[in-house]
Amino acid sequence: MKYEAVIGLEVHSQLKTKTKLFSASNNDFGEDPNTNVSVVDLGLPGVLPVINDKAVDLAILAGLSIDCRINMKSTFARKHYFYPDLPKGYQISQYDEPLASDGTLLIEDNKGKDKIIRINRIHMEEDAGKLIHDISDNFSMVDLNRAGVPLIEIVTEPDISNADEAVSYLKKLRNILIYADVSDCNMEEGNFRCDANISIRRVGDPELGVKAEIKNINSFKFVKKAIEYEINRQTKLLENGEEVIQETRLFNASSNKTFSMRSKEDAHDYRYFPDPDLKPLVLTEERIDLLKNSCFESYNEKMSIYINKYNISKNDSETLLSNKLLSKFFDDTLIYLNEPKLVCKWTISEIIKYISSSDFSLDPENFAKFLLTLKDGKINNNSGKELIEKLSISNEDVDTLIDSLDLKQESSEDLLNEVIDKVIDSNPDEKNRLLDGELKLVSFFMGQVMKETKGKANPGVINGLIKKKFNIN
Ligand code: ADP
Ligand code: MG
């Protein structure tokens with residue numbers, strides 16, 4: 001009997017705000033434990049939450065970026081459960097009236113065909129604190145810095161059919177959120193994490209099977225492994241005439257297996273009810289329009305310009321768009337030098353290394369000037385790399401820097417011929433082998449000439465000269 005997998009993903013992504021969702025505490029990662037904590041985050045009696053407008057704006061932007069309908073009215077609800085990292089005893093979330101609904105995200109399936117993944121909803125909620133188990137043998141520690149950090153949860157319809165599609169979906173979603181400046185989506189810092197819901201059914205069966213939910217997977221690699229393991233596990237159960245039970249499971253990265261954490265709770269276990277401390281979140285058309293207009297071209301539009309107008313490959317376009325700063329730098333450079341391919345090549349191979357550093361000060365106009373210098377043959381690629389590293393922090397005048405670093409490319413045939421004669425003389429063995437037809441030694445001599453000229457020789461010119469000397473066409 002043939003089975004097929006059905007997968008739905010829930011992604012939690014932290015919003016890029018200065019402060020938390022309902023308090024004025026800092027939303028910074030990596031601070032000393034329990035330093036970004038206020039009476040609101042602690043849930044002390046008598047305090048009241050105040051909604052962070054910036055977080056709402058970012059959640060709306062996320063909704064717009066994946067073509068959701070933004071709901072003019074949404075409500076916050078209390079989701080009750082007990083856990084030591086949740087001092088209030090409930091999490092403020094959205095339940096039956098989420099901020100955004102009915103979006104879509106386009107991915108490529110295994111055969112390279114476009115596939116639409118429907119987004120069920122995006123809702124806002126606060127994060128919980130964090131338990132730390134490995135500091136003491138006797139106790140677990142709790143760090144409440146994360147308590148109250150703003151999150152969006154993005155929930156798909158069960159439209160995903162295998163582990164690869166799940167990973168494509170997550171990568172695309174992550175790029176879109178980063179590009180829209182909604183979230184850093186830094187997986188190591190846990191601000192982009194995924195719960196995977198998986199079930200199996202007979203091919204063609206209209207009913208969904210019983211699902212297991214794997215919680216908090218925080219890398220693409222683990223998502224793939226966890227889903228593959230789970231599909232296999234459930235398929236075997238069904239083949240043996242056993243049943244899949246609805247439960248919550250965890251993925252263990254060292255054994256590559258999932259294991260049961262608890263039997264699955266149902267919504268009614270949480271005793272959801274509207275939070276009486278928070279009014280319904282009512283939006284105006286004006287606010288949404290303002291965000292729409294501020295929101296540049298979306299990731300998808302930009303991607304299509306890069307590919308169709310500039311003829312940049314899909315992979316390179318993805319690299320440019322994986323970092324908002326990078327794609328902006330690329331766009332801005334094109335204003336001064338309209339050569340998308342050249343600009344792209346150096347942006348994704350060199351600029352990418354430096355652009356996120358706080359010392360980065362190269363401006364696009366100067367970068368364009370640098371590329372022209374390179375194109376005109378004044379410097380070669382090697383020197384270019386050295387130069388970019390310096391320019392990235394100094395933004396000096398390109399010509400002055402070339403002179404002061406003595407990087408000007410040497411193209412004079414007379415001078416290069418002298419150097420070539422010299423290296424041929426000092427390597428008689430290689431000389432004879434090349435004379436005997438061992439053509440790869442051309443590169444050897446090019447390397448020697450480069451060494452002699454401290455990397456400044458024009459590679460095209462020396463290649464031609466060496467071949468001429470050995471009568472190679
Ligand atoms: P829950 O209330 O258990 O969290 P939801 O209905 O909110 O369940 O769905 C959570 C996620 O699980 C969604 O992404 C949804 O598409 C997915 N899902 C629901 N039922 C199934 C199923 N039978 N198999 C796989 N995924 C499912
Ligand atoms: Mg769930």
Side-chain angles (χ1 to χ4, degrees), residues 2-13 62-63 66-68 71 74-75 77-81 90-91 93-105 107 115-125 128 151-170 172-174 192-217 223-224 226-235 237-238 243-251 258 260-273:
K2 282 204 67 104
Y3 293 98
E4 66 181 7
V6 174
I7 302 164
L9 298 177
E10 299 165 274
V11 166
H12 287 94
S13 185
I66 46 177
D67 300 322
C68 286
N71 297 317
S74 61
T75 45
R78 294 184 177 180
K79 178 182 184 182
H80 297 84
Y81 62 97
Y90 60 86
Q91 176 192 23
S93 179
Q94 295 189 306
Y95 180 53
D96 47 2
E97 294 186 294
L99 182 85
S101 314
D102 300 328
T104 51
L105 193 145
I107 62 164
K115 173 168 180 179
I116 291 174
I117 306 298
R118 291 168 303 156
I119 309 290
N120 172 285
R121 65 175 186 274
I122 301 183
H123 66 250
M124 303 185 69
E125 62 186 26
L151 298 176
I152 43 175
E153 179 172 337
I154 303 160
V155 183
T156 73
E157 295 293 345
D159 287 349
I160 297 167
S161 311
N162 56 53
D164 290 329
E165 284 182 18
V167 172
S168 311
Y169 167 82
L170 292 171
K172 179 89 181 266
L173 177 64
R174 180 169 178 273
F192 185 86
R193 6 186 242 269
C194 165
D195 302 339
N197 298 270
I198 300 151
S199 67
I200 297 289
R201 65 176 168 193
R202 277 185 211 158
V203 173
D205 194 336
E207 304 259 316
L208 293 177
V210 176
K211 71 178 162 89
E213 175 170 1
I214 311 168
K215 278 279 177 200
N216 269 330
I217 324 175
V223 167
K224 184 167 156 73
I227 291 177
E228 280 169 352
Y229 177 83
E230 195 54 28
I231 291 176
N232 201 355
R233 182 187 74 87
Q234 293 185 17
T235 308
L237 281 176
L238 296 189
E243 282 183 356
V244 174
I245 47 169
Q246 184 176 328
E247 62 184 349
T248 302
R249 299 176 71 88
L250 286 179
F251 176 69
T258 65
S260 180
M261 177 164 90
R262 57 172 188 247
S263 67
K264 170 69 183 171
E265 67 291 338
D266 279 311
H268 61 250
D269 295 325
Y270 289 120
R271 293 287 184 270
Y272 278 102
F273 64 77

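For ligands, and for the atoms within them, numbers begin at 1 and follow the listed sequence.
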With heavy atoms of V6 as the reference, note each atom of ligand 1 found under 4.0 Å away. 24 (N), 25 (C)
Counting from 1 in the order shown, the ligand 1 atoms closer than 4.0 Å to a non-hydrogen atom of V155 are 13 (C), 14 (O)
Counting from 1, what ligand 1 atoms have a heavy atom of G209 closer than 4.0 Å? 23 (N)
Min N/O separation K211 to ligand 1 under 3.5 Å: yes
Among G8, S199, A5, which one puts a heavy atom closest to atom 22 (C) of ligand 1? S199
Min N/O separation V210 to ligand 1 under 3.5 Å: no
Pair S168-K115, side chain to side chain donor-acceptor pair (under 3.5 Å): steps then yes or no: CA-CA 11 Å; S168 311; K115 173 168 180 179; over 6 Å; no
Give the intermediate values and the outcome of side chain to side chain contact (heavy atoms under 4.5 Å, CB included) for residues I200 and L237. CA-CA 10 Å; I200 297 289; L237 281 176; over 6 Å; no
Heavy-atom contacts with E157 under 4.0 Å: which atoms of ligand 1 show up? List them by number with element. 16 (O)
With backbone taken as N, CA, C and O and side chain as the heavy atoms from C-beta onward, which portion of L9 lies under 4.0 Å from ligand 1: side chain, backbone, both, or neither? backbone
Under 4.0 Å between heavy atoms, the region of T156 that gets near ligand 1 turns out to be both
Between N120 and E157, the two heavy atoms sitting closest are ND2-OE2, 3.0 Å
Salt bridge present between E4 and K2 (N-O < 4.0 angstrom): no
Around atom CD1 of I116, are there more than 12 heavy atoms from other residues, nucleotides or ligands closer than 6.0 Å? no
Any idea which heavy atoms bring L208 and P158 closest together, and the distance? CD1-CG, 4.1 Å
Begin from the C-alpha positions of E97 and N71 and carry the test side chain to side chain donor-acceptor pair (under 3.5 Å) through to its verdict. CA-CA 8 Å; E97 294 186 294; N71 297 317; over 6 Å; no
